[in-house]
Every structure is written in C-alpha cells, then in structure tokens.
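Have a look at the structure below, then the notes.
All values reported here derive from a predicted model rather than from experimental measurement. To find a chain, count down the sequence lines: A is the first, B the second, and so on, and within it residues start at 1.
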2 protein chains.
Amino acid sequence: MNLKRLAEELGLSQTTVSRALNGYPEVSEATRKRVEEAARRYNYRPNSRAKGLATGRAMVIGQVIPTSVQHEMVNPIFGDFVAGASQTFSRYGYDMMFSRVPDVDESDIYREYRARGAVDAVILQGPLVNDQRIPLLNRIGLPFIVHGRSTGITEPYAFVDVNNTRAFQHATEFLVHLGHRRIALINGLEGMDFAQRRRAGYEAALKAAGIPVDPALMRSDEMTEYFGYRETRALLAQEDPPTAIMAASMIAALGVRRAIEETGLTMGRDVSVITHDDDLSYLKNGQDVPIFTAIRSSVRKAGEILAQCLVDQINAPDAPPEQRMLEADLLVGRSTGPAPQRT
Amino acid sequence: MNLKRLAEELGLSQTTVSRALNGYPEVSEATRKRVEEAARRYNYRPNSRAKGLATGRAMVIGQVIPTSVQHEMVNPIFGDFVAGASQTFSRYGYDMMFSRVPDVDESDIYREYRARGAVDAVILQGPLVNDQRIPLLNRIGLPFIVHGRSTGITEPYAFVDVNNTRAFQHATEFLVHLGHRRIALINGLEGMDFAQRRRAGYEAALKAAGIPVDPALMRSDEMTEYFGYRETRALLAQEDPPTAIMAASMIAALGVRRAIEETGLTMGRDVSVITHDDDLSYLKNGQDVPIFTAIRSSVRKAGEILAQCLVDQINAPDAPPEQRMLEADLLVGRSTGPAPQRT
DNA sequence: CCCGGTATCCAAAGCGCTTTGAAAACGATT
DNA sequence: AATCGTTTTCAAAGCGCTTTGGATACCGGG
C-alpha cells in the first residue's frame with residue numbers, strides 16, 4: 001500500500017492524505033479522521049526512502065565502529081549504551097545505524113555518510129586526546145556528538161561525558177583517608193581521553209596529599225579482564241607493592257580481584273580496590289551491598305541523555321553545542337578498608 | 001554533488017554516468033574511465049535514499065532490541081556479535097540498523113519494517129522455544145535469519161547456531177570421567193531455546209552415565225554475574241552439594257568463581273567448573289592457559305557467518321534457507337580436576 | 001448581491017537515482 | 001553507396017513521498 005493508492009481509495013489527492021497524516025492544519029478534522037482510519041485499516045506506512053528523499057532527512061543516526069583492536073574496549077559497554085540511546089531515539093522516530101570500517105578509513109566514512117546523505121548525525125565513540133575526527137566532522141558539516149571529550153580540541157562541539165577527573169580524584173582521596181599511600185592505577189589506553197582525565201584526578205589527589213606519583217604504580221592498556229589480572233600480579237610481586245588499586249572498569253577489576261586472590265591475599269583487607277562501574281545490566285556490582293567500592297555512572301543513562309542532546313541539536317542546528325557533564329557517585333562496597341600496617 | 005550535475009559537468013547524460021559507475025557493459029572503457037575519474041574528483045556518492053527508492057533495496061539489515069528485561073542477556077555478547085556481522089555486511093555494502101521497542105510491540109515493528117521498506121532483511125536474536133516471531137516473519141515475507149534456533153517451529157527458516165546440546169553433553173561427560181556425580185547446571189532463562197538444548201545435553205550425559213537428574217542442582221535465570229554467584233552460594237550451602245558446576249556463560253562463571261572462593265573452597269580442586277565461553281574480545285578466558293575449562297564458540301565468528309548466510313539469502317531468495325551449525329571446542333583449563341573424595 | 005477572507009482541497013513539480021526504449025554513431029559487409 | 005549489426009549514448013518515465021502555488025467552496029459583512 002502506498003500514498004497514491006490510499007489516496008485513490010479515499011477519493012482524495014495525495015496532497016491531502018499526506019497532510020492529514022502529517023498533522024498539517026489545512027485539512028478538516030472530518031477528513032483527517034477518515035484518512036487516519038483508512039491508513040490504519042490498510043496498515044499504511046510511508047516508505048522511508050521516499051519520505052527521506054522528499055524531506056532531505058534520513059531519520060537515521062550513524063555510528064562508526066573502527067575495526068582496530070585499539071577500540072575494542074568500546075565493546076563491553078556497547079550493548080548498554082545502544083540500549084539507552086536507541087530508547088530515546090526511537091521516541092523521536094530515529095533509527096540507529098552502524099558501519100564498521102578499517103580505522104584508516106574512518107574519516108572517509110564520515111565523508112561518505114555526508115555525500116550519500118545516509119545519516120542526519122553521528123555519534124563519536126571513544127574520543128582520543130586531540131581527536132582529529134572532531135575538526136573533520138565540523139569541517140564537512142556533519143552534525144555529531146561525542147561520547148566523552150577530547151582534550152586539545154579548542155573548537156566547539158557537543159558532548160556528554162562523565163566527570164572522570166573529579167570521580168577519580170574523590171576515589172583516590174577516599175583511599176588516602178583510609179591511610180593508603182601506595183595506590184596503583186590500572187588505567188585504559190593512554191591515548192584515550194578518559195584515561196588521561198582519570199590519571200589527572202588520581203595524580204591531583206596524590207599531590208594534594210603529598211604522596212609522590214610513582215610511575216611504577218601506573219599501568220594502562222585495553223581494559224580487559226586479563227589486563228587487570230596481569231598487571232595486578234606484577235604490581236603485587238614488586239617490592240613495596242601497592243595497598244590499594246584503582247581500576248578503570250568492572251571488567252578489569254574482575255581480573256584485579258582474581259590476581260589478589262590467587263596471590264593469597266584478601267581484597268578489602270590486604271589490598272583495597274576501587275573501580276569505575278558503568279552499571280552494565282549484565283554485570284551489576286552486587287545486588288544489595290556493592291562487591292566493589294566503585295565510582296558508578298550508568299552508561300545506559302549516558303546513552304539516553306546523549307541521544308536527547310543530539311535530537312535537540314538536529315532540531316536547532318544553530319544553537320550552541322550542548323555539553324553535558326555527568327557526575328559519578330562513589331559507592332562504598334566491601335573491596336576497600338583501612339591500609340594494612342607495614343610489617 | 002549529484003548525478004545530474006556530474007553528468008552536466010561531463011557533458012554526458014545521467015544514464016551514461018550511472019551506468020559507467022555501476023559497471024554496466026554498454027559504456028565504452030574510455031568514458032567509464034573519464035566518469036570514474038570525475039566522480040572521484042568531485043567526491044561523488046550516489047544518494048542512498050534516491051538509489052534505494054529507484055532500486056527498491058534498502059541495503060540495510062535490521063535488528064530489533066526488545067526493551068524487556070527478559071532479553072538483557074543479549075547485551076554482553078551484542079558488541080562482539082555486531083562487530084563480526086557488520087564486518088561481513090560492510091563488504092557487501094550493507095549497513096546494520098537497530099530499533100528498540102517495548103517487547104509487546106515487537107511484531108509490529110516487523111510489519112512496519114516491511115511496510116516502510118526500511119530494511120532488506122532482519123536478524124532475530126535470542127530465540128525462544130516455539131518462537132512466534134518466526135512464523136510472523138515468514139507470513140509477512142520479510143527475509144530473516146535466526147541467531148540460534150527455535151524448537152517447536154516446523155516451518156523452514158534460516159539460522160546459525162552453536163551445537164549447544166552436543167557441547168554440553170561433551171562437557172558433562174568430561175566431568176563424569178573425572179569422577180563427578182553431583183554436577184550442577186547454572187543455565188540461562190528456561191524460555192530461551194539455547195537453555196533447553198544445553199539442559200538436554202547435560203541430562204543426556206547424566207542419563208548415559210546412570211546418574212539421576214536432580215532438579216535441586218539445576219538453576220536458570222538471566223545470565224548475570226550475580227546470578228552465578230547467588231546460585232553457587234545456595235548450591236554449596238545445601239547438603240550433598242555439587243562437586244562440579246556447569247555455567248552457561250563466562251559472566252555467570254565469574255560469579256560462580258566468586259562464590260566458590262568466598263565459601264573458602266578452591267576452584268578446580270574442591271569444585272570443578274566448566275563454562276560456555278563466547279570468546280568475547282574483552283573477556284578472554286586467560287591468555288595462554290584458559291582460566292576456565294570451557295566450551296568455546298566465538299560469537300563474533302558466528303556474526304560473520306550469519307551475515308554471509310543472510311546476504312546469500314537476499315541474493316538468492318528462492319534457495320532453501322541456509323542452516324548452519326557451529327561446533328564448540330572443549331578447552332581444558334585450570335577450573336576442573338578429579339572429583340574430591342567423599343569425607 | 002458582491003467582495004474579501006478563510007477553510008479545504010488539488011495538480012504538478014521536485015527530491016536523486018535507475019532503467020526502459022529508442023536514437024545516433026560507427027564499422028563492416030554487400 | 002546502401003545496408004546491417006554493434007556499440008555507445010540519450011531522453012524520459014518512474015520509484016513514493018513532500019510541498020508549492022493555485023483553485024474551489026463557503027462564510028459573514030458591507
């Protein structure tokens with residue numbers, strides 16, 4: 001069923017039927033009712049492509065997934081983020097589209113998106129420090145919003161980000177107050193902007209407490225379970241080992257815990273652990289009492305908010321880009337305790 | 001830049017330019033070269049919607065994410081699955097699209113997809129036993145492929161699935177050979193088809209070994225870390241506790257391990273554990289020696305294969321639906337050992 | 001009774017592409 | 001030189017929608 005046939009069926013013009021269905025005022029209530037009823041009866045839906053061609057809008061939001069291993073870390077949070085974002089998008093009639101490309105070609109795909117008119121806007125995931133995708137997107141005029149931020153980029157852009165610096169600063173202070181002075185940081189990849197900010201918060205808290213920043217206590221890599229495990233084993237094996245560890249994700253923290261326990265130590269007593277927690281649906285940090293003391297910030301909610309910001313931006317392209325900062329809560333669980341006395 | 005302007009620029013008709021770019025034979029090599037060169041220079045890409053409108057193909061594959069909590073379990077594997085599938089799809093010029101709907105409306109969205117012509121085919125995730133979405137999709141004539149299978153559906157449909165029954169049967173036999181007779185099963189939600197098949201494999205192995213199937217050793221729910229933890233605590237607390245546990249996912253297995261260790265027992269010595277392992281990029285089962293003895297089957301590879309099957313199906317709609325069965329490997333890690341002697 | 005305004009409706013153009021059916025150009029053949 | 005078969009190119013229709021610029025019908029006020 002298409003517009004033309006529906007119009008014939010009703011004895012009306014395509015114009016009137018189209019207007020009736022799209023809520024234009026220049027159509028009487030009586031015919032609008034009649035049209036709507038017929039549309040329902042024939043299960044009519046306007047063809048997406050035809051509508052898009054006529055309106056110039058795709059009603060699709062793009063997201064690029066680089067092939068590189070470098071960005072695999074997006075994976076674990078991907079499901080929850082998409083769940084949140086698409087909930088908001090679907091309310092406004094937008095669908096989400098994904099393209100996967102070798103990361104060398106990532107800038108090409110944005111040009112292609114633009115040229116093909118395939119999407120109305122894109123979401124930028126996993127921003128690096130000084131991420132050149134931002135100027136690129138601004139240059140080619142494809143609306144976008146960043147999930148995270150990019151230090152070093154001065155031109156304006158919209159983003160939704162967690163206050164990583166403050167979160168890690170608070171968490172580190174919390175450990176310092178518990179008497180810890182050897183605090184390790186198991187961080188994400190150095191190039192990632194969030195990793196920089198987390199380290200900045202961590203270092204700020206240490207400096208404020210007069211504790212030297214020891215590079216031997218800082219590790220960074222893809223945030224896998226194995227990475228958490230491997231580095232914790234190594235940290236605990238070195239002389240003057242840390243009494244507390246900050247982990248950048250729940251997944252990594254699981255590895256941290258495994259390493260602590262395999263070493264014969266007890267988490268929360270011998271070694272304190274604080275982790276960032278994205279509040280993933282499949283990896284809840286305990287049901288009542290959190291397993292880990294954690295800095296929690298729901299990535300799903302971030303997705304919802306980001307989607308809303310992007311829709312607003314599409315509807316008001318000339319407004320200044322929206323920049324939203326989400327605060328993370330520090331939840332005290334059973335993985336932290338007073339620093340053990342030196343032997 | 002669009003076709004019309006490009007054609008004017010070249011002093012050719014739109015027809016010729018279109019044909020040149022789409023590889024039709026009725027155009028001389030000389031002009032084809034000339035056209036391609038100009039297209040590159042002007043960075044011309046045909047508009048997706050116009051092309052789709054003219055060809056009647058969307059070059060988009062749809063995927064519906066139900067809102068319900070019931071299906072959250074798709075989440076952890078979602079990222080890897082999409083990574084695999086979209087790799088194949090992008091080779092053929094397809095994009096992937098996601099729509100999120102309240103699960104009551106799930107059948108509506110397929111009708112809408114069809115009516116709007118929004119997608120060329122869809123992927124069905126997380127099939128239930130006797131899943132009515134399959135007859136629905138057949139009825140409305142929207143090409144699809146199931147990730148998994150659905151017991152009870154007799155009409156033909158395409159699928160890619162892991163041989164869950166055989167995998168769990170082998171794993172259970174492996175435990176039986178190690179002397180275990182009290183083997184627990186921490187399974188996914190009962191309604192999910194894969195959970196049924198896994199249970200069937202587990203029960204078949206027990207029966208073959210003359211071991212009674214004890215309902216007190218079988219649990220099923222959403223496969224979260226907490227679920228694995230909670231049920232293992234409960235299992236180990238009951239009298240005549242299991243000496244071995246089969247877990248349905250790595251995430252759940254992490255909870256199983258946590259419960260075992262909190263109980264003061266040692267995994268692999270006091271309690272053996274085998275888990276299904278989707279080989280997720282962010283949750284590798286150890287680097288060299290697997291942490292868990294596991295039935296491994298890469299969900300990412302499944303995504304690649306499924307995408308290929310779906311593309312083939314779109315290109316040859318009259319061929320019988322492809323049904324691919326993937327075998328899972330049993331990898332022996334450090335979480336299994338001989339059954340402890342009874343005290 | 002005529003006129004201007006308002007409420008309804010419509011024909012047709014246009015969005016950017018593919019594809020049909022036909023024309024033009026070109027050698028090769030008689 | 002006329003004819004035929006290829007090769008190469010083109011004009012125009014069509015995909016299903018929105019939207020512009022009227023047209024028509026109807027109303028109350030002068």
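- Spacing between atom CD of A/E26 and atom P of D/dG21 amounts to 14 Å, rounded to whole angstrom units.
- Atom OH in B/Y24 sits roughly 16 Å away from atom P in D/dT9 (whole-Å rounding).
- A residue-by-residue look at A/A50 and A/T31 shows that A/T31 has its nearest nucleotide of DNA chain C further toward the 5' end.
- For DNA chain C, the outermost nucleotides in 5' to 3' order that have an atom under 4.0 Å from a heavy atom of chain A are C/dT8 to C/dG16.
- Per the geometry, CG belonging to B/L10 stands 15 Å off C1' belonging to D/dT8, to the nearest Å.
- At a threshold of 4.5 Å between non-hydrogen side-chain atoms, the residues B/L306 and B/V146 do not count as touching.
- To the nearest angstrom, C1' of D/dT7 lies 13 Å from CZ of B/R32.
- Listed by first and then second residue, the side chain to side chain donor-acceptor pair (under 3.5 Å) pairs involving residues 113-124 of chain B are A/S48-B/R116, A/D95-B/R116, B/S99-B/Y113, B/E112-B/R116 (not counting sequence neighbours).
- Residue-to-nucleotide proximity on DNA chain D shows that, of B/V17 and A/R45, the 5′-proximal contact is made by B/V17.
- Between the CD atom of B/E29 and the C1' atom of D/dT9 there is a distance of 15 Å, given to the nearest Å.
- Contacts of A/T15 with the nucleic acid, taken as non-hydrogen atoms under 4.0 Å apart, include base atoms.
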**OP:** Decide yes or no on salt bridge (Lys or Arg N to Asp or Glu O under 4.0 Å) for B/D161 and B/R149, but give the supporting numbers first.
**Re:** CA-CA 6 Å; B/D161 195 12; B/R149 267 176 296 170; 2.9 Å; yes

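- Aromatic ring centres of B/H147 and B/F81 lie closer together than 6.0 Å.
- Evaluation of the ring pair (Phe, Tyr, Trp, His ring centres under 6.0 Å) test over residues 86-108 of chain B, restricted to residues two or more places apart or in two chains, returns A/F98-B/F98, B/F78-B/F98.
- For the pair B/I153/B/P135, a side-chain contact is recorded, criterion being any heavy-atom separation below 4.5 Å from C-beta on.
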